[in-house]
There are 2 protein chains.
Amino acid sequence: MPERAVAGGKENSVEIPVESTRERLLNIAEQRFGEGGYEGTSLRAITVAAAANIAAVNYHFGSKEALLRAAVARAMAPVNTERRRRLDQLEAKGDPAAEQLIRAFIEPGLDLVLRRGERGPVVARFIGRVAFDPSQRIRELYAAESDPVEARYLAALQAALPRSTPEAVAFGYVNMLGLLALHQSQALGLEVGEDPAKLAENLIAFLVAAFDRGLRD
Amino acid sequence: MPERAVAGGKENSVEIPVESTRERLLNIAEQRFGEGGYEGTSLRAITVAAAANIAAVNYHFGSKEALLRAAVARAMAPVNTERRRRLDQLEAKGDPAAEQLIRAFIEPGLDLVLRRGERGPVVARFIGRVAFDPSQRIRELYAAESDPVEARYLAALQAALPRSTPEAVAFGYVNMLGLLALHQSQALGLEVGEDPAKLAENLIAFLVAAFDRGLRD
DNA sequence: GCATAGTTCAAACGGACGTTTGAATGAGAG
DNA sequence: CTCTCATTCAAACGTCCGTTTGAACTATGC
């Protein structure tokens with residue numbers, strides 16, 4: 001029988017919160033879906049890597065797509081929370097400038113997710129890949145998790161750029177989403193580089209300049 | 001037996017160049033791979049839509065991946081040719097400005113492929129999706145078809161922006177590739193809009209502005 | 001006519017897929 | 001202890017996958 005450590009052991013050992021099967025499945029799913037995409041990753045590959053029985057997926061989540069949905073929701077939650085927090089804070093101080101809005105949108109997507117520990121890049125790549133998945137059904141799954149807060153940013157950007165047409169702002173906004181997902185997914189062989197914060201600064205500067213002039217009358 | 005029109009009939013009928021099985025397979029493969037991705041599209045779906053026997057794929061191409069490779073090569077060829085032609089022309093006139101280089105890179109990718117007839121958007125989406133495929137092996141397949149001419153553009157951009165660091169130019173270059181593929185693939189629900197040429201102009205203006213200032217010392 | 005090379009065909013190959021089943025195992029409550 | 005309920009397990013389900021086979025068809029040259 002496979003040994004399994006138990007949470008909250010009574011011995012003098014340090015309390016190590018061992019991942020549940022459900023958590024291991026979500027962690028491995030993030031990694032594998034981010035590497036091979038949804039269609040290119042089998043449940044067997046996930047369950048083997050997670051040291052779980054293949055039936056565990058349908059027991060805990062119900063289906064392969066439901067596993068993906070749960071992984072997307074878990075990965076997006078802290079990003080959305082941080083974006084909401086920053087937007088609330090900016091709007092409380094008055095009308096935020098475009099750069100502040102861009103920063104408040106990009107940094108939770110790159111910084112938050114790239115910084116912390118080993119799993120950061122895995123989560124970032126997972127999010128970026130799901131956002132660009134070939135299947136529209138998968139992309140909608142991502143959109144459903146991020147739409148509400150994203151819509152708030154779009155509206156705030158419109159207000160911050162009154163001299164730009166709504167079409168121009170929307171165009172820049174789409175490009176912002178795309179470039180963020182691009183750098184999250186590391187799809188074009190771009191190395192993360194020394195400092196992820198520097199990547200965020202570069203991307204923000206790139207977008208700010210483009211928003212200022214990247215529109216056509 | 002399935003009727004099949006023959007090219008160059010001797011009767012008084014108009015000469016209709018009927019697509020060969022090989023061409024039909026490439027056309028349908030472009031469409032389906034562009035919709036569902038490589039892993040998400042089966043050879044059976046392709047051969048049924050192309051009214052071909054499933055063994056035709058392995059007869060004409062050798063394997064599923066070889067079919068994809070042939071489709072990528074065929075789709076990229078005119079884009080690469082046009083890019084080379086424009087770059088030759090620009091360099092013959094002297095040192096080209098960054099905007100000219102960006103335009104010469106973007107327009108063959110968007111204009112050329114979006115304009116002509118019904119198949120334009122299909123080819124564009126196919127190229128964009130392959131460039132962003134979850135599998136690195138597929139992405140490398142795209143890169144192998146476009147690397148030579150792309151490298152020339154990167155070098156020319158470096159020369160046109162002597163005040164920018166090579167890292168900054170490379171960063172902008174990656175973003176240019178990503179945004180082009182994004183709009184080609186129409187992945188984020190962006191409607192092509194009234195005039196594809198307008199999309200190209202908007203994207204070029206967006207990139208020019210970002211290249212001018214989107215760098216960090 | 002016959003021979004030949006190119007192409008298409010139905011059928012089958014072994015294997016991998018997502019999902020389901022029903023029994024075995026585990027910890028906690030009474 | 002016994003009962004209960006959540007979880008894990010090996011095994012199998014039917015389906016679809018990419019690929020292969022060998023025969024049948026087609027057109028062209030002799």
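Both backbone and side-chain heavy atoms feed into the values below; hydrogens, waters and symmetry mates do not. Order of the sequence lines fixes the chain letters, A, B, ..., with proteins taken first and strands second; residue numbering starts at 1 for each chain.
- Among the protein residues, Thr47(B) comes within range of no part of the nucleic acid, since none of its heavy atoms lies under 4.0 Å from any strand.
- Minimum atom distance to the side chain of Ile54(A) is reached by dT19(C), of the listed dT19(C), dT8(D), dT19(D).
- Not a single donor-acceptor pair under 3.5 Å links the side chain of Tyr142(B) to the backbone N or O of Met76(B).
- Going from atom CZ of Phe61(A) over to atom P of dT19(C) covers 13 Å, rounded to whole Å.
- Base contact: Ala55(A) has a heavy atom under 4.0 Å from a base atom.
- Arg44(B) places its CZ atom 7 Å from the C1' atom of dG18(D), with the value rounded to the nearest Å.
- As a whole-Å value, the separation of Tyr59(B) OH from dA11(C) P is 22 Å.
- Look at CG on Asn53(B): it is 14 Å from P on dA12(C), rounded to the nearest Å.
- Between Arg22(A) atom CZ and dT8(D) atom C1' there is a gap of 16 Å when expressed in whole angstrom units.
- Mapped onto DNA chain D by nearest heavy atom, Leu43(B) and His60(A) fall at different nucleotides, with His60(A) at the one closer to the 5' end.
- In this structure, Thr21(B) reaches the dT8(C) phosphate: one of its side-chain N or O atoms is under 4.0 Å from OP1 or OP2.
- Using a 4.0 Å cut-off, no side-chain N or O of Ser42(A) falls inside it from OP1 or OP2 of dA16(C).
- Between Glu82(B) and Arg85(B) there is a salt bridge, with a side-chain nitrogen of the basic residue lying less than 4.0 Å from a carboxylate oxygen of the acidic one.
- Atom CZ of Phe33(B) is separated from atom C1' of dG18(D) by 11 Å (rounded to the nearest Å).
- Taking the six-membered ring where tryptophan is involved, the planes of Phe105(A) and Tyr153(A) are perpendicular, since the angle between them exceeds 60° and thus also 30°.
- Asn58(A) places its CG atom 10 Å from the P atom of dG18(C), with the value rounded to the nearest Å.
- Closest heavy-atom contact between Gly109(A) and Arg83(A): CA-NH2, 3.9 Å.
- For Leu25(A) and dC9(D), the CG to P distance is 11 Å, given to the nearest whole Å.
- Taking the six-membered ring for Trp, His183(B) and Phe206(B) have ring centres at least 6.0 Å apart.
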